[in-house]
Amino acid sequence: MAEVMELNYTISNEDFTRAGEASSDVKKKLKQLGVSPDAIRKVAIALYEGEINMIIHAYGGKITVTISEDAITLVLADKGPGIADVEKAMQAGFSTAPDKVRSLGFGAGMGLPNMKKNSDEMDIKTEIGVGTTVTMVIRI
Amino acid sequence: MTVRDLANIEEFKQVSDMTDTEITKVFCCDLLSIAMGKAPAGSAWVTVMANVNTLAVATLTDVACIILAEGVSLENDLIEKAKEEGIAVLKTDLSIFDSALLINKSL
Ligand SMILES: Nc1ncnc2c1ncn2[C@@H]1O[C@H](COP(=O)(O)OP(=O)(O)OP(=O)(O)O)[C@@H](O)[C@H]1O
Ligand SMILES: [Mg+2]
């Protein structure tokens, strides 16, 4: 796996029925590439939580997955409302999820903590009214 | 005990296709991001949450099967999706607690 591989996905607004498709597809591709199950699980969890957040809290967005020899980098960029207080958003249990999505099983306030826990590096760039870009690196 | 063995227990009814995956543990949770972070691979996941996201979480965490408790079931198009993706789904009229107890006893 010498060369770098890039996968791109567009996540549309409120598309719950397709939520998880990008993560499932990435999971399949990593399996084919022979990436360790442990790393695949981390990527799958981190990416799914990010994908769902883009749908629930923003208006969809773009995902770029870069697979290199020693790491998988996930970049999730949305043009949503932004996050007012990132530190607070990162706390386990903090959630602004509306009732509509809580009834689907979301809103535990565990998505961002899961993303943090499953990645080796995580960075959130966000601006109110402009959008949020979450970058995660999982070393393989 | 495999997923197929579980389907042979009277209280559990088959919803999608069964597999020969060995069940290692029982896991109970209805909040998806907690299940996402905590569901052990190979576990039987007992929940009352029956939507497309339940299927996504099951695939991504590699649980052995989903057990829908309290008489909950999947809509037909989701049953098709579960079959397509090879996710074993069962249902029961038991509560989450009683389902988990019964599975655990049978492991
Ligand atoms: N892409 C985003 N754009 C805007 N706000 C976001 C975004 N991602 C997260 N947030 C904010 O951070 C909060 C915490 O996110 P987190 O994923 O941890 O929990 P949640 O999505 O509310 O619930 P869960 O992920 O457990 O289903 C959200 O409720 C939301 O206010
Ligand atoms: Mg979330």
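So that the names make sense, note that chain A is the first sequence line, chain B the second, and so on, each numbered from 1. Everything numeric here is computed off the predicted structure, so don't read it as measured data.
Heavy-atom contacts from other residues, nucleotides or ligands closer than 6.0 Å to CD of B:E75 number 12 or fewer. More than 12 heavy atoms of other shown residues, nucleotides or ligands fall within 6.0 angstrom of atom CD in A:E6. Heavy-atom neighbours of A:K27 NZ from other residues, nucleotides or ligands within 6.0 Å: above the threshold of 12.
By the rule that hydrophobic residues join a cluster once side-chain heavy atoms approach within less than 4.5 Å of another member, A:L104 and B:L31 end up as members of separate clusters. Under a hydrophobic clustering in which Ile, Leu, Val, Met, Phe, Trp and Tyr are joined whenever their side-chain heavy atoms come within less than 4.5 Å, directly or via other members, A:I83 and A:M110 fall into different clusters. Clustering ILVMFWY residues whenever any of their side-chain heavy atoms sit less than 4.5 angstrom apart, transitively, puts B:L68 in the very cluster that holds B:I79. Both B:M18 and B:I9 are part of a single hydrophobic cluster, where members link through side-chain heavy atoms under 4.5 Å apart. Taken together through direct or relayed side-chain contacts under 4.5 Å among Ile, Leu, Val, Met, Phe, Trp and Tyr, B:I23 and B:L101 form parts of separate hydrophobic clusters.
With chain B as the partner, the residue from A:P113, A:A44, A:A92, A:S103 showing the most heavy-atom pairs under 4.5 Å is A:A44. Ranked by heavy-atom pairs under 4.5 Å with chain B, the first of A:G20, A:A108, A:G109, A:G107 is A:A108. Of the listed residues (B:L60, B:T54, B:N51, B:T59), the greatest number of heavy-atom pairs within a distance under 4.5 Å of chain A belongs to B:L60. With chain A as the partner, the residue from B:L78, B:V52, B:L55 showing the most heavy-atom pairs under 4.5 Å is B:V52.
For A:I52, the part sitting under 4.5 Å from any heavy atom of chain B is the side chain, from C-beta outward, and nothing else. Using a 4.5 Å cut-off between heavy atoms, B:M49 touches chain A through its side chain atoms alone. The part of B:D30 that comes within reach of chain A is its backbone (N, CA, C, O), which places non-hydrogen atoms under 4.5 angstrom from that chain. Contacts between B:A50 and chain A at a heavy-atom distance below 4.5 Å are absent for every atom of the residue.
Between B:T61 and A:R41, the closest heavy-atom pair is O-NH1, 2.9 Å.
Test A:L112, A:N114, A:N53 against B:S33 for side chain to side chain contact (heavy atoms under 4.5 Å, CB included) and you get one pass: A:N114.
Interatomic distance, CZ of A:F106 versus CG of B:N53, reported as 3.5 Å (0.5 Å rounding). Note that the CD1 atom of A:I45 and the NZ atom of B:K38 stand 11.0 Å from one another [nearest 0.5 Å].
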